[in-house]
Every structure is written in structure tokens, then in C-alpha cells.
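Just so it is clear, the values below take in all heavy atoms, side chains as well, and ignore hydrogens, waters and symmetry mates. Both ligands and their constituent atoms are indexed starting at 1 by order of listing.
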Amino acid sequence: MNSFYTEEELKSLPIKSFGKNVLISKKVSFYSDKEITIGHDVRIDDFCILSGSIHLGNYIHIGAYCALYGSHGIKIEDFSGLSPRCTIFSASDDFNGNYLISPTTQKKHNHIITGEVIIKKYSQVGASSTIMPNTVLQEGTAVGAMSLITKSTLQWSVYVGTPAKKIKNREKGLLNFIHEYE
Ligand SMILES: CC(=O)SCCNC(=O)CCNC(=O)[C@H](O)C(C)(C)COP(=O)(O)OP(=O)(O)OC[C@H]1O[C@@H](n2cnc3c(N)ncnc32)[C@H](O)[C@@H]1OP(=O)(O)O
């Protein structure tokens, strides 16, 4: 039994466009009245949730159990990926105590912090990490496992921890391979 959708089956999903070599597990959940676009050579593994507005570039791997909450937009550029169990929030409740926190309460009693999340080219997010709204992982960012990204990163840097801090510059050797994909 093939655990990925066929190209024909992909056409029945709420995806506006997708390129060649797209492998999406049949165990992925889509919840979207907005736009989801997927480039070519993309794989999305079991038990991921994709909701809202999500734009994935090319050569992207989303590991199992990732959740992409894209009500205010999520963009992942080429050659970037999420290791298993990552969560990306483009909206989050205000936890300061002055508001209720639940989609089942009245909207006027909630305060939602929102902002697009952009993961630029050649970035990788380590397993079980969380990315908060309104942040940009600049080109070549690596995020260590179990990290919390609350602010935008600097390019070609390695970040770890909660909240994540830069620990060093990242090497650029991977760029030597890119011409073979053009
Ligand atoms: C797509 C897939 O691969 S799926 C499998 C999932 N794989 C992952 O999630 C890998 C994620 N990788 C990591 O977290 C790695 O530890 C990296 C990339 C952040 C750093 O790796 P290295 O460059 O080898 O750095 P190194 O192990 O020397 O660690 C440097 C320092 O950061 C600390 N550190 C490393 N990783 C983390 C982390 N995730 N959280 C907090 N601190 C960390 C180390 O303890 C060390 O601290 P010290 O200098 O005080 O001793």
C-alpha cells in the first residue's frame, strides 16, 4: 500500500498548486480556506497539520508530526526543512492574563498576536522546536533541537535553546552543491 498520495489524488486536496515529485503522506491533515502552494521535490510525512496560508518552495522536507498554523502566513523557501515535531505559529494568544485564551470564547475577549513566519533558503529547524509569529529565519539558519524561536535570526547562524540564542556562525559548504539542482 502506498502511504503517499498519487499525483491524481493530490489534485483533490485543498492545494492551489504543486510541482513535480511531491510526496504527501495520506496521514497529513489540511485545514485551509486560504492558499496552500507547494513547489517541486517536496515531502511531507505522517501526522502533519497544515492550516491557513502556506507557501512551500522546492526541495523541502517536513518531518512527521509537524504543525504549521498559517492563519497569518507561513513561507518556507527552497532547500529548507522542519525536523519531526516542529510547530510554526503565525498567530498566538496573549498569555499576559488580561485576555481569555480559547477559540470557544468571544473574540472580543481574546488578544491574538499575529505575523507571518518566513523561513528563508537553506534553513533547517531541529526536532521539537517551536517558531513564534512574526519571525524570519534568515538564509542559512540552523535551529537546534527543542528550541524556541521568538525573534528573527541572523543569516548563516546556528541558534539553540529557549528562547533561542545564536551560538555560532554556520558553514556555507552546502552552497557548492546547489548548481546541480538548477
Ligand atoms: C532532518 C533530520 O535530521 S531529523 C533528525 C533531527 N535532528 C535534529 O534535530 C538535529 C538538531 N541538531 C542540534 O540540535 C545540534 O546540537 C546543533 C546543530 C544545534 C549543534 O550541533 P554542533 O554544531 O555539533 O554543536 P555542539 O554539539 O558542539 O554544541 C555546541 C553547544 O551548544 C549546545 N547545544 C547543542 N545543541 C543544543 C540544543 N539543541 N539545545 C541547547 N543547547 C544545545 C551544546 O551543549 C554545546 O554547548 P557548550 O558549548 O556549552 O558545551
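For atom 39 (N) of ligand 1, the nearest protein heavy atom (residue, atom name, distance) is Ala145 O, 2.8 Å. Among protein heavy atoms, the minimum distance from atom 7 (N) of ligand 1 is reached at Ser83 OG, 4.3 Å. Among all non-hydrogen protein atoms, the one lying nearest atom 31 (C) of ligand 1 is Ile167 CD1, 4.1 Å. Looking at atom 33 (C) of ligand 1, its nearest protein heavy atom turns out to be Val160 CG2, 4.6 Å. For atom 18 (C) of ligand 1, the closest non-hydrogen atom on the protein side is Val158 CG1, 4.5 Å. Atom 15 (C) of ligand 1 has as its closest protein heavy atom Gly144 CA, 4.8 Å.
The shortest distance between side-chain heavy atoms of Ile15 and Val22 does not fall below 4.5 Å. With a 4.5 Å cut-off on side-chain heavy atoms, Glu7 and Phe18 count as touching. In this structure the side chain of Val160 reaches within 4.5 angstrom of the side chain of Ser147, judged on heavy atoms.
Not a single heavy atom of Ser129 sits less than 4.0 Å from an atom of ligand 1. Not a single heavy atom of His61 sits under 4.0 Å from any atom of ligand 1.
Cluster membership check: Tyr65 does not share its hydrophobic cluster with Val28, using side-chain heavy-atom separations under 4.5 Å among Ile, Leu, Val, Met, Phe, Trp and Tyr. Under the 4.5 Å side-chain contact rule for hydrophobic residues, Ile149 and Ile60 share a cluster. Criterion: ILVMFWY side-chain heavy atoms under 4.5 Å apart, direct or through other members. Under it, Ile167 and Met146 are not part of a common hydrophobic cluster. Leu82 and Tyr69 fall into different hydrophobic clusters, where Ile, Leu, Val, Met, Phe, Trp and Tyr residues are linked whenever their side-chain heavy atoms come under 4.5 Å apart, directly or through other members.
A donor atom on one side chain and an acceptor atom on the other are found under 3.5 Å apart for Thr105 and Asn110. Side-chain atoms of Ser83 and Gln124 form a donor-acceptor pair, as typed in the model, at a separation below 3.5 Å.
Close N/O approach between Lys168 and ligand 1 is found [any backbone or side-chain N/O within under 3.5 Å]. For a threshold of 3.5 Å applied to N or O pairs, the pair formed by Ala127 and ligand 1 contains at least one separation below that value.
Inside a 4.0 Å radius of atom 10 (C) of ligand 1 there is not any protein heavy atom. Per-atom contact check: atom 21 (O) of ligand 1 does not touch the protein, criterion being a heavy-atom distance below 4.0 Å. There is a protein heavy atom less than 4.0 angstrom from atom 2 (C) of ligand 1. In this structure, atom 42 (N) of ligand 1 has protein heavy atoms in its sub-4.0 angstrom surroundings. For atom 26 (P) of ligand 1, no protein non-hydrogen atom is found at a distance below 4.0 Å. Put simply, atom 46 (C) of ligand 1 has no protein non-hydrogen atoms near it, under 4.0 Å away. At a distance under 4.0 Å, no protein heavy atom can be found next to atom 50 (O) of ligand 1.
For the atom pair Ile24 CD1 and Thr6 OG1, the distance stands at 11.0 Å (nearest 0.5 Å). Interatomic distance, Ile74 CD1 to Phe89 CZ, rounded to the nearest 0.5 Å: 9.5 Å.
The distance from ligand 1 to the heavy atoms of Gln124 drops below 4.0 Å at these ligand atoms: 1 (C). Those atoms of ligand 1 with a heavy atom of Gly126 less than 4.0 angstrom away are 9 (O). Applying the 4.0 Å criterion to heavy atoms of Pro84 picks out, from ligand 1, the atoms 4 (S).
Classification of the Tyr59-His40 ring pair by plane angle, with boundaries at 30° and 60°, yields perpendicular.
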